[in-house]
Structures are given as C-alpha cells and as structure tokens.
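The structure under discussion appears below in the form of structure tokens.
Please read all numbers here as calculations on a predicted model, not as lab measurements.
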Amino acid sequence: MIITTGFDPIPEIKERAQRLAQHTGCVFVPRGRLSIPKMAERYADNDILVVLQEAVRLHSPDTPPMEFHPSMGYVRAKRILAGQPDPLMEAARMRPGDSVLDCTAGLGSDTLLFAVYGGADSRITALESSLPLFALLSDGMKHYRTGREEVNAALRRIDVLHCDHLAYLRAQPDNSVDIIYFDPMFRVPLTDSSAISPLRQHANPAALADESVAEAVRVARRTVVLKEKALSGEFARLGFTELLRGSSKTSYGVIQVDN
C-alpha cells in the first residue's frame, strides 16, 4: 500500500504521512502533480492512503474513497457523555476503568464507545488484521477531531494494533481483560448499510472461529460480546445468548464468564 499526501502539502502533513508509512510498514511516495489513478498505475499498487490536513482518505478500485470518521459512534458517544444508556455498554456490562479488547476494530466506531464510557482510567485495545484499515484507523485515532474534547481524548487513548485476533488472544494470560468484543463481517450482509459497503472490500471476510471464542472466554474476566445481524445463526453456533433489541436489525450476543 502507498501512503501519500494531497497536492502541495504543508511540511507537517508530509511528516505525518512519512511517520504513518514508517509505523505501518508501507511506502511513502511524494504526490507531486499525479492523480490517484496515475499513482496507482505508476507504482502498481491499487490501495493508496492520502493524508490531508483535515482528513485521511483511502482510495481503492471500484469503490468510493473511504475516510476515517466515527460515524454513528460519535452520536452515541455524545449520548453516553450526556448520561444516556447505550445498548453495547449494557450488553458488555462495562464499568468505568475497565479494560476492553476489540478484536475486529474496522473503523473503530464501537471501540470509541468503550473508550468514552471507560474514561481516562480504562485500557482500550483495538485489533485490525487488514493493513489498509489499520493504517486508516491509526492515523484517524491520532488526528481526527470532533466537536467534543472528551471524544477526542478518548480516540487518542485507544491502542491500535495490526494483527490477527486469534494469534493475539492465544498470547494473553487467563482472565486478563475485562471485556472482549467481536464485530466480524456479518454472514448475511445488511444490504441497506452504505457505511459498511466500502469497508467490506478490505475487511477480513472470514467467519468467527470457535477457537477465537474459546480463547476469548479464557482471557476475559467478565463478558465476551458478539455483534451480528438480528436472529443470526452465528449466536447459537458460537454459544452466545442473543439480546434482541426490539425492531433493531442488529443484536448483541453475550457470554458471561464471571457467573
């Protein structure tokens, strides 16, 4: 994957793009006057991440450019800060100061909720196995600014790692993380979800494995949570109790390990 900038970047943006390339193991290429299609042709690489002053944008073939944005996560984060309940926090039985491992971070919208609710004393780790998404997420978590300083601070507290979640879980001690969260690509997509469609091109398409859940149950101290399409057979297959939410098209499944 190539990392570059917009045309005529200020020095700070060029340095930021170079640091991101070093952090992710990608190649930094000065933009010059090349268009994105011309860069893809010249360097024989279709995934190009563009670092801009106000955004970071992933360009890939056959899909619109994808920017880091917490999306509905920001709306829900503001509700949490206002003292309103959130269904994910309730399903996870989260408490301020908890540690959370998000095994399938994507663009980090749900990870942000854990960081906001958990507060400054929480420890939030986000794993992403896709290199383009990891790069997009890494820059976004460090530099994206919302209209709320509490949300910005929560983004900066999240530790983003590029790795396979099963390998990571295998290396963790027993009962070492309060909450473990899975939000894999749904087995049956929600066809009306425009926010997820571009993500699907880069996200790991594999079904969640039994071994991943077993390792999560070993590592978790309190709750393992799975997000899936409502009434999905994945909940029963993997041993989760589904928490239906009225007319919502998605559900959370839980395994409580501290009974």
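Note that OH of Y144 is 8.5 Å distant from CD of E67, once rounded to the nearest 0.5 Å. Atom-to-atom distance recorded for L127:CG and L169:CG is 7.5 Å, nearest 0.5 angstrom. Put simply, CG on L238 and CD on E228 are 9.0 Å apart, with the number rounded to the nearest 0.5 Å. The structure places CG of D102 at 9.5 Å from CZ of F182, a figure rounded to the nearest 0.5 Å. Atoms OG1 and CD, on T5 and E15 in that order, are 12.0 Å from each other to the nearest 0.5 Å. Note: S176 OG to R218 CZ = 7.0 Å, rounded to the nearest 0.5 Å.
Residue V160 is grouped with residue I179 when hydrophobic side chains (ILVMFWY) are merged at heavy-atom distances under 4.5 angstrom, including chains of intermediate members. Taken together through direct or relayed side-chain contacts under 4.5 Å among Ile, Leu, Val, Met, Phe, Trp and Tyr, M185 and L131 form part of one hydrophobic cluster. Linking ILVMFWY residues whenever their side-chain heavy atoms come closer than 4.5 Å, directly or via other members, leaves M66 and L52 in distinct clusters. Transitive grouping of hydrophobic side chains (ILVMFWY, heavy atoms separated by less than 4.5 Å) brings L208 and Y168 into a common cluster. V29 is connected to L34 through a chain of hydrophobic side-chain contacts under 4.5 Å among Ile, Leu, Val, Met, Phe, Trp and Tyr, so both are in one cluster.
With a 6.0 Å radius and a threshold of 12 heavy atoms from other residues, nucleotides or ligands, Q22 has its CD atom at or below the threshold. Counting non-hydrogen atoms of other residues, nucleotides and ligands closer than 6.0 Å to CD of E54 gives a total of 12 or fewer. The local environment of CG in D62 is sparse, with at most 12 non-hydrogen atoms from other residues, nucleotides or ligands closer than 6.0 Å. The neighbour count for R148 CZ, taken as heavy atoms of other residues, nucleotides or ligands under 6.0 Å away, is above 12.
Side chains of L49 and C26 form no contact here, defined as non-hydrogen atoms less than 4.5 Å apart. Residues M72 and S109 fail the side-chain proximity criterion, which asks for heavy atoms closer than 4.5 Å. Counting only heavy atoms from C-beta outward, the side chains of T104 and H165 approach each other to under 4.5 Å. For the pair M39/T4, a side-chain contact is recorded, criterion being any heavy-atom separation below 4.5 Å from C-beta on. Looking at heavy atoms from C-beta onward, L81 lies in side-chain contact with V116 at the 4.5 angstrom threshold. With contacts defined as side-chain heavy-atom distances shorter than 4.5 Å, the pair F114/S122 does not qualify. Residues R31 and D8 form no side-chain contact, since every pair of their non-hydrogen atoms from C-beta on lies 4.5 Å or further apart. Using a 4.5 Å heavy-atom threshold, the side chains of D258 and R221 count as separate.
Here the closest non-hydrogen pair linking A17 and F28 is CB-CE1, 3.7 Å. Of all heavy-atom pairs spanning P132 and L58, the tightest one is CB-CD2, 3.8 Å. Across all their heavy atoms, G6 and V50 have their closest contact at N-CG1, 3.8 Å. Summarising the geometry of N46 relative to P61, their closest heavy-atom pair is CB-CG, 3.3 Å, with the distance given to 0.1 Å. Scanning all heavy atoms of the two residues, the minimum distance from A91 to L243 falls at CB-CD1, 3.8 Å. Taking both residues in full, the closest heavy atoms of A126 and T111 are given as CB-CG2, 3.8 Å, listed atom of the first, atom of the second, then distance.
No donor-acceptor distance shorter than 3.5 angstrom exists from the side chain of R79 to the backbone of Q84, with no hydrogens or angles considered. Proximity of a side-chain donor or acceptor of N175 to a complementary backbone N or O of V219 within less than 3.5 Å is not detected. Without hydrogens or angle criteria, R57 side chain to P65 main chain gives no donor-acceptor distance under 3.5 Å. A donor-acceptor distance shorter than 3.5 angstrom exists from the side chain of S232 to the backbone of E234, with no hydrogens or angles considered. Under the 3.5 Å distance criterion, the side-chain polar atoms of Y74 are matched with a main-chain donor or acceptor of G147.
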Next on the checklist: Could you walk me through whether Y117 and D86 satisfy the side-chain contact (heavy atoms from CB on, under 4.5 Å) test, starting with their C-alpha distance in whole Å, then the side-chain angles of each, then the deciding distance to 0.1 Å, before giving a yes or no?
Outcome noted: CA-CA 9 Å; Y117 191 91; D86 183 86; over 6 Å; no
Next on the checklist: The test is side-chain hydrogen bond (donor to acceptor under 3.5 Å, both in side chains); show your working for T24 and H162 and say whether it passes.
Outcome noted: CA-CA 8 Å; T24 58; H162 179 223; over 6 Å; no
Checklist entry - Going through the distances and angles, do R222 and D98 end up as a salt bridge (Lys or Arg N to Asp or Glu O under 4.0 Å)? => result CA-CA 10 Å; R222 187 179 311 130; D98 275 352; 2.5 Å; yes
Item to check | Intermediate values then yes/no, side-chain contact (heavy atoms from CB on, under 4.5 Å), L88 and V225 | outcome: CA-CA 9 Å; L88 176 54; V225 184; 4.1 Å; yes
Checklist entry - Yes or no on side-chain contact (heavy atoms from CB on, under 4.5 Å) for V100 and R123, after CA distance, side-chain angles and deciding distance? => result CA-CA 6 Å; V100 179; R123 180 169 56 87; over 6 Å; no
Checklist entry - Given the rule in the side-chain contact (heavy atoms from CB on, under 4.5 Å) test, do L231 and E242 qualify, once you have shown the distances and angles that lead to the verdict? => result CA-CA 8 Å; L231 302 175; E242 182 178 3; 4.2 Å; yes
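If you check the side chains of N152 and T146, you find a donor sitting under 3.5 Å from an acceptor. D164 and S129 form no side-chain donor-acceptor contact under 3.5 Å, judged by distance and modelled atom types alone. Judged by distance alone, the side chains of T223 and R93 do bring a donor and an acceptor atom under 3.5 Å apart. Between the side chains of T250 and R245, at least one donor N or O lies within less than 3.5 Å of an accepting N or O. With no hydrogens or angles considered, no side-chain donor-acceptor pair links D159 and T125 at under 3.5 Å.
Looking at D121 and R95, no side-chain N of the basic residue comes within less than 4.0 Å of a carboxylate O on the acidic one, giving no salt bridge. Comment: D110 engages K227 in a salt bridge, judged by a side-chain N to carboxylate O separation of less than 4.0 angstrom. At a threshold of 4.0 Å, the pair R170-E211 counts as salt-bridged, since one of the basic side-chain nitrogens sits closer than that to a carboxylate oxygen. For the pair D139 and R16, the salt-bridge criterion is met [side-chain N within less than 4.0 Å of a carboxylate O].
Each of L137, L136, I3 was compared with V56 under the side-chain contact (heavy atoms from CB on, under 4.5 Å) criterion, and only L136 meets it.
Below 30°, between 30° and 60°, or above 60°: for F134 and H23 the angle between ring planes is between 30° and 60°, a tilted geometry. The aromatic rings of F240 and F235 sit perpendicular to each other, their planes meeting at more than 60°, with 30° as the lower class boundary.
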